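A short worksheet on the structure shown next.
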Amino acid sequence: MIAQAGQGGVALTGEGGFLPELIRRVLERGMAAELDDHLGYEKGDPAGRGTANSRNGSTLKTVASEVGDIPLATPRDRAGTFEPRLVPKGARRLGGLEEQIISLYAGGMTVRDIQTHFARTLGTDLSHETIANITDAVLEEVKAWQSRPLDEVWPVLFLDAIVVKVRDGGQVRNRHANIVIGVDTDGVKHVLGIWVDASEGAKFWASVCAQLANRGVRDVLIACCDGLPGLPEAIEATWPRTVVQTCVVHLIRAANRYVSDKDRKVFSRALKDVYTAADVDAARTAFEELTDSEMGRKYPAAVAVWERAWERFTPFLAFPPAVRRVIYTTNSIESLNYQLRKIIKNRGHFPSDDAAVKLLWLAIRDIEDKRARAREKDRGKPANQRSGPAKLIEGAGTHGWKIALNQLELMFPDRLDGHIN
């Protein structure tokens with residue numbers, strides 16, 4: 001084979017490839033050694049004559065692997081008691097292939113895309129059902145993750161949803177995948193769960209909050225969300241002392257929908273005086289000046305957006321600058337949603353809600369793995385030479401969050417006492 005490789009006649013993978021042949025020989029020799037150990041003597045050893053058990057040929061089967069299909073001759077014994085450990089009876093796939101399938105699935109490839117990919121690149125013909133069963137094997141892990149116990153106190157929660165298409169009977173319908181990210185008392189961000197429902201309604205969010213409470217969440221200081229009607233009340237029904245903060249960026253975007261492109265910079269500059277004000281009185285003064293200005297009179301619908309949300313916006317003004325910087329937007333969860341949308345856009349629809357949750361969970365795990373590898377390459381480099389992306393959700397808390405948590409501890413000593421490290 002080495003001679004053929006020198007002449008360019010041997011492929012590394014696929015049928016007849018060098019690596020499948022090498023793996024076949026290693027596995028067959030390993031199983032032969034296992035059978036020697038099982039019988040208590042080597043092949044051809046006179047000590048085996050007259051023993052109760054002996055070799056009985058082999059059984060041919062083909063196993064799929066990362067480098068292509070591998071034909072194996074599995075040795076047998078006459079008593080039928082030999083159980084190889086290298087390639088167990090009934091096994092049709094070698095280790096590593098399942099991880100590769102799950103990785104491709106998490107990257108956004110459909111089951112049929114994966115099937116075609118392996119057939120084209122490795123010559124391995126895996127059925128649609130086999131690949132689906134491999135990806136479904138993570139469902140138990142997802143369910144355990146979805147029901148895991150949580151910390152009692154969470155300084156900040158971010159709540160948002162993305163739209164996924166799910167087959168419902170004979171129709172494909174839009175459904176909302178509701179996602180909650182929590183910042184713990186160490187400043188570390190975690191995805192607390194993914195829940196799929198027909199709509200992003202306040203009633204369903206109330207059930208999500210109830211589930212979080214049942215998993216151990218006793219107190220939440222600040223909950224950041226968009227302007228969904230009824231959502232603040234749903235949160236407060238579970239945690240009455242929680243400060244519900246409407247995302248300032250959502251308010252700016254909502255108001256700018258009523259403003260022409262040429263005036264958006266001027267209008268947004270006037271709004272900045274409102275949400276950067278020192279306190280509520282200063283913000284009201286700045287808002288009234290905007291209302292009475294030429295921009296305010298020209299775009300009353302944009303002004304009305306802030307007027308309607310005023311009661312849910314003003315809690316933001318009670319916090320010091322370090323806290324404002326981390327809660328004025330739901331960017332933490334929107335960054336995650338942006339990554340997830342890139343992965344699910346290749347799919348026409350999901351066959352079920354569980355399939356949607358499974359892919360989103362795998363995608364989150366895959367995104368974090370990719371970012372961690374990129375950061376590892378930058379380890380030891382000066383800060384201005386690092387190009388690895390920041391942690392999207394999991395991982396050590398940032399310096400900004402730690403400063404914010406220290407200030408929150410001063411504001412809520414009775415609720416955070418002993419929790420902040």
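Because the structure is predicted, anything quoted here is derived from the model rather than measured.
- Summarising the geometry, atom CG belonging to N337 is positioned 7.5 Å from atom CD1 belonging to I181; distances are rounded to the nearest 0.5 Å.
- Residues R284 and W310 meet the side-chain proximity criterion, which asks for heavy atoms closer than 4.5 Å.
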task: Run the numbers on L362 and K358 for side-chain contact (heavy atoms from CB on, under 4.5 Å), then give the verdict.
output: CA-CA 6 Å; L362 285 171; K358 174 181 67 176; 4.1 Å; yes

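- What you find for A255 and A302 is that their closest heavy atoms are O-CB, 3.3 Å.
- In terms of modelled atom types and a separation under 3.5 Å, the side chain of R173 and the main chain of R167 share no donor-acceptor contact.
- Summarising the local packing, NZ of K89 is surrounded by more than 12 heavy atoms from other residues, nucleotides or ligands at distances under 6.0 Å.
- Within the 3.5 Å criterion, the main-chain N or O of Q146 finds a donor-acceptor partner in the side chain of R215.
- Around CZ of R341, the count of heavy atoms belonging to other residues, nucleotides or ligands within 6.0 Å exceeds 12.
- Heavy atoms from other residues, nucleotides or ligands lying under 6.0 Å from CZ of R112 number 12 at most.
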- request: Assess whether side-chain contact (heavy atoms from CB on, under 4.5 Å) is satisfied between F316 and T246, documenting all intermediate values.
  value: CA-CA 8 Å; F316 171 82; T246 297; over 6 Å; no

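- At a threshold of 4.5 Å between non-hydrogen side-chain atoms, the residues M411 and P320 count as touching.
- Side-chain contact between L159 and V208 is absent, with no heavy-atom pair separated by less than 4.5 Å.
- Residues A234 and A202 share a closest heavy-atom pair of CB-O, 3.5 Å.
- W154 places a side-chain heavy atom less than 4.5 Å from the side chain of D184.
- V164 and A356 make their closest contact through CG2-CB, 4.3 Å (heavy atoms, listed as atom of the first residue, atom of the second, distance).
- Between T185 and P155, the closest side-chain pair of non-hydrogen atoms falls below 4.5 Å.
- Although no hydrogens or angles enter the test, the distance criterion places no donor-acceptor pair under 3.5 Å between the side chain of E152 and the main chain of R218.
- When all heavy atoms of V163 and H176 are compared, the closest pair comes out as CG2-NE2, 3.8 Å.
- Classified by interplanar angle (parallel below 30°, tilted 30° to 60°, perpendicular above 60°), the ring pair F82/H38 is tilted.
- A pairwise comparison of heavy atoms in I252 and S268 identifies CG2-OG, 4.4 Å as the closest pair.
- Using a 4.5 Å heavy-atom cutoff, the side chains of R269 and K265 are in contact.
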- request: I would like to know whether L192 and R148 meet side-chain contact (heavy atoms from CB on, under 4.5 Å); could you show each step before the answer?
  value: CA-CA 9 Å; L192 304 189; R148 71 194 188 281; 4.3 Å; yes

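- Inter-residue side-chain proximity for V142 and I194 is flagged as unmet; no heavy-atom pair is nearer than 4.5 Å.
- Between the side chain of T242 and the backbone N or O of V220 there is at least one donor-acceptor pair closer than 3.5 Å.
- Here the straight-line distance linking atom CH2 of W195 with atom CD1 of I179 works out to 9.5 Å at 0.5 Å rounding.
- Note that CG of D273 is 11.5 Å distant from OG1 of T285, once rounded to the nearest 0.5 Å.
- In terms of heavy-atom proximity, A161 sits nearest to N178 at CB-OD1, 3.6 Å.
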task: Evaluate the criterion side-chain contact (heavy atoms from CB on, under 4.5 Å) for residue pair L72 and E28; output intermediate values, then yes/no.
output: CA-CA 7 Å; L72 283 179; E28 287 183 352; 3.9 Å; yes

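- Taking the six-membered ring for Trp and thresholds of 30 and 60 degrees, Y275 and W306 have nearly parallel ring planes, at less than 30 degrees apart.
- V183 is listed as a side-chain neighbour of F158, based on a closest heavy-atom distance under 4.5 Å.
- A distance-only check finds a donor-acceptor pair linking the side chain of D226 to the backbone of L228 [under 3.5 Å].
- To the nearest 0.5 Å, the span separating CZ on R312 from SG on C225 amounts to 8.0 Å.
- Exactly one of D197, V180, I235, T238 qualifies for a side-chain contact (heavy atoms from CB on, under 4.5 Å) with W205. That residue is V180.
- At least one donor-acceptor pair closer than 3.5 Å links the side chain of R264 to the backbone N or O of N256.
- The aromatic rings of F319 and F412 sit tilted relative to each other, their planes meeting at an angle between 30° and 60°.
- Atom OG of S352 is separated from atom CG of L139 by 8.0 Å, given to the nearest 0.5 angstrom.
- How far CZ of R175 is from CD1 of I162: 14.0 Å, rounded to the nearest 0.5 Å.
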